[in-house]
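Notes for the one structure printed next.
Along the sequence shown, residues are numbered consecutively beginning with 1. Since the structure is predicted, the reported quantities are computational estimates derived from the model, not experimental observations.
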Amino acid sequence: MRSLKLWRPKAASRSFAVLSHSWTGGQRPTEASQKVCVMMHGILGSKSNWNTPSRQLLKTIGPQGWRILQLDHRAHGRSPTGSSPHNLESCAEDVLETLVHAGVPDSAELVVCGHSFGGKVALAVLETLRKQGRPPRKTWTFDSVPGCPAAIPAEDERRQQSVGFVLEVVKAIAGKRFDERSELVSSLQDHGLSQPLAEWIAQSVRSTADGVELSYDIEIVGELYQAYLAKDMWHLFDSSSEIGVIVAGKNRHAWGTKNLQQLQRRHEEGHVEMVTLKSAGHNVHVDDLPGLLKAIQPSFS
């Protein structure tokens, strides 16, 4: 078993309220076995998006002593906004500070998983811990482009209901009050979202004195998304076999030819494990959960 010494804040470290988090199934690590899988959602999501996948995964890896920690990123779900800068490095620090707060010891093994935006946060966690000489046992990214995603024409973004398009819709109605959640869903649809996507976004609401409103800190979420788009992290793939990448077969256009070629080359060189889920769109955990779990389960053996 590889020993892992977690990053610890320095004495003059920033002040930060830890991320909202939960242990899947209420099962925490035991003194006899300290093995932790960190599961992270994408932009505009929350830790609850990964309840079903995490419960299914725990059925398999739980008997081996593994436990799963689900997190809300800063400015998402029940987590605080945090202090600037709002970038991937700050999000990685959030994760590491939360692990310390959650009582994950220095001797624990880690597998770090992230979907979309959360995938790049997972890579930032890897980069920080690798500098300490203690990389996670495995880092998995789920349909998260390590480089800069391909540019998509505005009309295609709307048709494909891309993250960028959804974010613009959320910005358009952020701060508006609605009498009830159903009115919020209707407004999201009026702005171009499909009903399933509108229903999903409308899960992130808070009550006000006169109704409900979206609970996102949308300006910060926008900064985080821009950081995701701008950050190139291919350098982490040059000398490592500890990274796994899931590609959504129906979302390859969002990667672009250049990124897919880079991924294929590094896979052939043995620097990355690559699995393509041919029938899955961007939400791989919804479209092909069995395929996703099959791909990552060997990392816990």
Between [Y] and [X], do the side chains contain a donor N or O and an acceptor N or O under 3.5 Å apart?
X      : Y      : value
Gln70  : Thr24  : yes
Lys250 : Ser279 : no
Asn87  : Ser90  : yes
Gln160 : Ser162 : no
Arg266 : Gln262 : yes
Ser144 : His115 : no
Glu268 : Gln264 : yes
Thr81  : Asp217 : yes
His41  : Asn49  : no

*Option passing side chain to side chain contact (heavy atoms under 4.5 Å, CB included) with Trp140 (candidates Ile243, Ile296, Leu292)*: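 Looking at Ile243, Ile296, Leu292, the match for Trp140 under the side chain to side chain contact (heavy atoms under 4.5 Å, CB included) is Ile296.
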
Which heavy atom of [X] sits nearest a heavy atom of [Y], and at what distance?
X      : Y      : answer
Pro80  : Val18  : CD-O, 3.7 Å
Phe178 : Ser187 : CE2-CB, 3.6 Å
Arg74  : Leu19  : N-CD2, 3.6 Å
Leu197 : Gln161 : CD2-OE1, 3.6 Å
Ala122 : Cys113 : CB-C, 4.4 Å
Val145 : Lys120 : O-CE, 2.8 Å

*asked:* Arg206 vs Glu213, test: salt bridge (Lys or Arg N to Asp or Glu O under 4.0 Å). Steps then yes/no.
replied: CA-CA 6 Å; Arg206 58 182 167 228; Glu213 65 180 1; 2.8 Å; yes

_Evaluate Met233 against Leu88 for side chain to side chain contact (heavy atoms under 4.5 Å, CB included), listing each step before the verdict._
CA-CA 11 Å; Met233 307 189 81; Leu88 297 172; 4.2 Å; yes

*Sort and list the pairs that fulfil salt bridge (Lys or Arg N to Asp or Glu O under 4.0 Å) and have at least one residue in residues 272-297, not counting sequence neighbours.*
Lys138-Glu273

_For Glu89, is there an ion pair with Lys231 - N to carboxylate O distance below 4.0 angstrom?_
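A salt bridge links Lys231 with Glu89.
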
_Lys/Arg N to Asp/Glu carboxylate O, Glu168 vs Lys171, below 4.0 Å_ = yes

*For the residue pair Tyr225 and Tyr228, categorise the inter-ring angle as parallel (less than 30°), tilted (30 to 60°) or perpendicular (more than 60°).*
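Geometry flag for Tyr228 against Tyr225: parallel rings.
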
I'd like to know if the side chain of [X] and the backbone of [Y] have a donor-acceptor N/O pair within less than 3.5 Å.
X      : Y      : value
Asn51  : Pro53  : no
His267 : Val272 : yes
Ser46  : Asp72  : no
Arg55  : Trp50  : no
Thr128 : Ala124 : yes
Arg177 : Asp210 : no
Tyr216 : Leu44  : yes
Arg159 : Glu157 : no

_Within a 6.0 Å radius of atom CZ on Arg181, are there more than 12 heavy atoms belonging to other residues, nucleotides or ligands?_
yes

_I'd like to know whether CZ of Arg78 has more than 12 heavy-atom contacts from other residues, nucleotides or ligands below 6.0 angstrom._
no

*Please identify each residue that fulfils ring pair (Phe, Tyr, Trp, His ring centres under 6.0 Å) with Trp66, with sequence neighbours left out.*
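Expected list: Phe300.
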
*Candidates Arg137, Arg134, Arg130 - the one meeting salt bridge (Lys or Arg N to Asp or Glu O under 4.0 Å) with Glu242*: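 Checked Arg137, Arg134, Arg130 against Glu242; only one passes salt bridge (Lys or Arg N to Asp or Glu O under 4.0 Å): Arg130.
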
*Checking side chain to side chain contact (heavy atoms under 4.5 Å, CB included) for the pair Val170/Val221: CA distance, chi angles, key distance, verdict?*
CA-CA 10 Å; Val170 172; Val221 172; over 6 Å; no

*asked:* For a ring pair (Phe, Tyr, Trp, His ring centres under 6.0 Å) check, start with the C-alpha distance between His285 and Phe142, then their side-chain angles and the critical distance, and finish with the verdict.
replied: CA-CA 9 Å; His285 55 303; Phe142 306 149; 8.2 Å; no

